[in-house]
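Quick notes on the structure that follows.
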Amino acid sequence: MNNVNKMELRVQSVQLDTSNDMIIEGYVNKVEHLSKNLGFGDYQFYEKIEKGAFKRALERAESIKLLYEHNSDKLLAGTKNGSLFLEEDEIGLRMKAKIVDTTLGKDTYKLIKSGLIDSMSFGFIVREDKWEEIDGDTIRTVKELDLFEVSVVENPAYAQSTVSARGYEIQNIKIPVIAKPTTIDMDLIKAKIKLYEL
C-alpha cells in the first residue's frame, strides 16, 4: 500500500564502544516489535517494521548518513567511506559508527558519553505497508521502506505516547478505515491535525 512519500522518523537507544576511538553502536530498530502508540485522539496506531525490510532497504541504498538530530548539515559518519556500518540481524537494524574527528563529532561524542544523548532515530520513506485491526488497535506493518539516514537524538520520539512533542511527519500518514461500516472524511482528519499542530 503506497500512501506515503515523506520521510518518517523513529527512535531507539545508542551505546558507546569501549575503545579509544569515538565509536557508538546499538540497534536503530528492533524488527517485528510494536512501537509505542503513534498519532493522537481517534487517529492512533501502533507500528512495526517487518523482518527483512531493512535488509532489502540496505541492498538498495547507495549511501546512508549518520546525522545529528536529522540535520543534513551535521554529518557524523556515513556508509560511503565505511565510517558507518549497518546491517539487519535476527534482532533488527544494528548500527556501528566511528564518528568523524570534527568539533561537532567530538561534542556529540561527549554528549553521548555523558548520557545526555542516548537515543537513535531513522529517517525513511514507506514503499509498502499493511494496516489491520487487532483487539481494537490499529496496527501498521511496514513491509518495504527506503532508508536515508540514521541520527543520534536527544529525545526518543519513538517512546512518546504522542507525536506532538517533536512534530514528526505522522500527519502525512493516512490511516485507512479497517472493517468499519462508515468512511472517514480524510480532509477532516487533515484539518484536525493541522489545528493540533498549532
Side-chain angles (χ1 to χ4, degrees), residues 4-36 38 47-127 142-160 163 165-169:
V4 176
N5 44 8
K6 276 199 124 174
M7 192 177 296
E8 300 176 40
L9 311 171
R10 303 289 185 270
V11 176
Q12 286 286 339
S13 61
V14 65
Q15 300 174 342
L16 295 175
D17 194 292
T18 55
S19 70
N20 292 326
D21 291 324
M22 294 190 296
I23 295 175
I24 60 174
E25 62 182 337
Y27 282 92
V28 180
N29 181 270
K30 294 179 180 178
V31 295
E32 300 293 345
H33 283 245
L34 286 177
S35 69
K36 296 290 184 180
L38 302 173
E47 180 183 82
K48 64 180 177 178
I49 309 297
E50 186 174 86
K51 186 175 182 179
F54 284 121
K55 181 178 184 296
R56 293 187 293 274
L58 292 172
E59 290 169 354
R60 287 191 299 268
E62 293 182 13
S63 175
I64 299 173
K65 297 175 181 179
L66 173 64
L67 305 175
Y68 179 79
E69 291 283 359
H70 300 291
N71 188 330
S72 60
D73 293 329
K74 295 184 177 180
L75 180 62
L76 299 171
T79 57
K80 188 174 183 178
N81 71 348
S83 57
L84 173 63
F85 172 77
L86 293 163
E87 72 168 352
E88 182 182 329
D89 63 15
E90 67 280 359
I91 296 172
L93 180 61
R94 188 170 75 86
M95 177 280 307
K96 186 170 185 177
K98 182 177 179 181
I99 296 178
V100 66
D101 189 8
T102 61
T103 301
L104 172 66
K106 290 174 185 175
D107 289 347
T108 302
Y109 187 78
K110 286 176 185 176
L111 289 170
I112 295 170
K113 193 171 183 179
S114 72
L116 289 173
I117 293 179
D118 62 0
S119 298
M120 288 204 66
S121 178
F122 61 104
F124 66 105
I125 290 176
V126 174
R127 294 169 66 101
V142 177
K143 301 173 75 63
E144 294 291 341
L145 59 90
D146 288 327
L147 182 66
F148 293 98
E149 54 97 349
V150 294
S151 287
V152 292
V153 295
E154 183 177 352
N155 296 314
Y158 205 62
Q160 297 291 332
V163 296
R166 295 194 54 80
Y168 282 86
E169 301 296 342

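Basis for what follows: all heavy atoms, side chains included, without hydrogens, waters or symmetry-related copies. Model, not experiment: these values are computed from the prediction.
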Taking side-chain hydrogen bond (donor to acceptor under 3.5 Å, both in side chains) as the test, write out the residues that go with Glu32, two or more places apart.
none
Holding to side-chain hydrogen bond (donor to acceptor under 3.5 Å, both in side chains), I want the full list of residues that pass it with Thr108, two or more places apart in sequence or in another chain.
none
Those residues that, when tested against Asp101, pass salt bridge (charged side-chain N to carboxylate O under 4.0 Å, His left out) (two or more places apart)
Lys106
Check for me whether the distance between the ring centres of Phe54 and Phe124 falls short of 6.0 Å.
no
Apply side-chain contact (heavy atoms from CB on, under 4.5 Å) to the pair Ile117 and Tyr68, showing each step before the final yes or no.
CA-CA 10 Å; Ile117 293 179; Tyr68 179 79; 3.5 Å; yes
With sequence neighbours left out, write down each residue that passes side-chain hydrogen bond (donor to acceptor under 3.5 Å, both in side chains) with Asn81, or none if nothing qualifies.
Ser83
Can you list everything that forms a side-chain contact (heavy atoms from CB on, under 4.5 Å) with Ala57? Sequence neighbours excluded, please.
Arg60, Leu145, Leu147
With sequence neighbours excluded, what pairs up with Glu90 under the side-chain hydrogen bond (donor to acceptor under 3.5 Å, both in side chains) test?
none
Quick one: list whatever passes salt bridge (charged side-chain N to carboxylate O under 4.0 Å, His left out) with Lys55, sequence neighbours left out.
Glu59
At what distance, to the nearest 0.5 angstrom, does CD of Glu144 lie from CD1 of Ile125?
14.0 Å
Ignoring hydrogens and geometry, is there a side-chain-to-backbone donor-acceptor pair from Asp21 to Ile23 under 3.5 Å?
no
Can you give me the closest heavy-atom contact between Glu87 and Leu58, atom names plus distance?
CA-CD1, 3.7 Å
Could I get the full list of side-chain contact (heavy atoms from CB on, under 4.5 Å) partners for Ile91, not counting sequence neighbours?
Tyr27, Lys30, Asp89
Return the set of residues passing side-chain contact (heavy atoms from CB on, under 4.5 Å) with Leu84 (not counting sequence neighbours), or none when no residue passes.
Ile64, Leu66, Ala77, Thr79, Leu86, Met95, Ala97, Val150
Between Val152 and Ile112, is there a side-chain heavy-atom distance shorter than 4.5 Å?
yes
So how far is it from Leu76 CG to Lys98 NZ, rounded to the nearest 0.5 Å?
14.0 Å
Quick check: do Ser121 and His70 have side-chain heavy atoms less than 4.5 Å from each other?
yes
Under the salt bridge (charged side-chain N to carboxylate O under 4.0 Å, His left out) rule, collect the residues that match up with Lys80, sequence neighbours excluded.
none
Step by step, would you call Glu47 with Val142 a side-chain contact (heavy atoms from CB on, under 4.5 Å)?
CA-CA 7 Å; Glu47 180 183 82; Val142 177; 4.0 Å; yes
Check side-chain contact (heavy atoms from CB on, under 4.5 Å) between Lys143 and all other residues, then give those that pass, not counting sequence neighbours.
Glu50, Glu128, Lys130, Thr141
Flag the pair Leu67 / Lys74 as yes when at least one side-chain heavy-atom distance between them is below 4.5 Å, and no otherwise.
no
Check against side-chain contact (heavy atoms from CB on, under 4.5 Å), Lys51 and Glu88
CA-CA 8 Å; Lys51 186 175 182 179; Glu88 182 182 329; 3.7 Å; yes
Please assess Phe85 against Arg94 for the test side-chain contact (heavy atoms from CB on, under 4.5 Å), listing each intermediate value before the final yes or no.
CA-CA 8 Å; Phe85 172 77; Arg94 188 170 75 86; 3.5 Å; yes
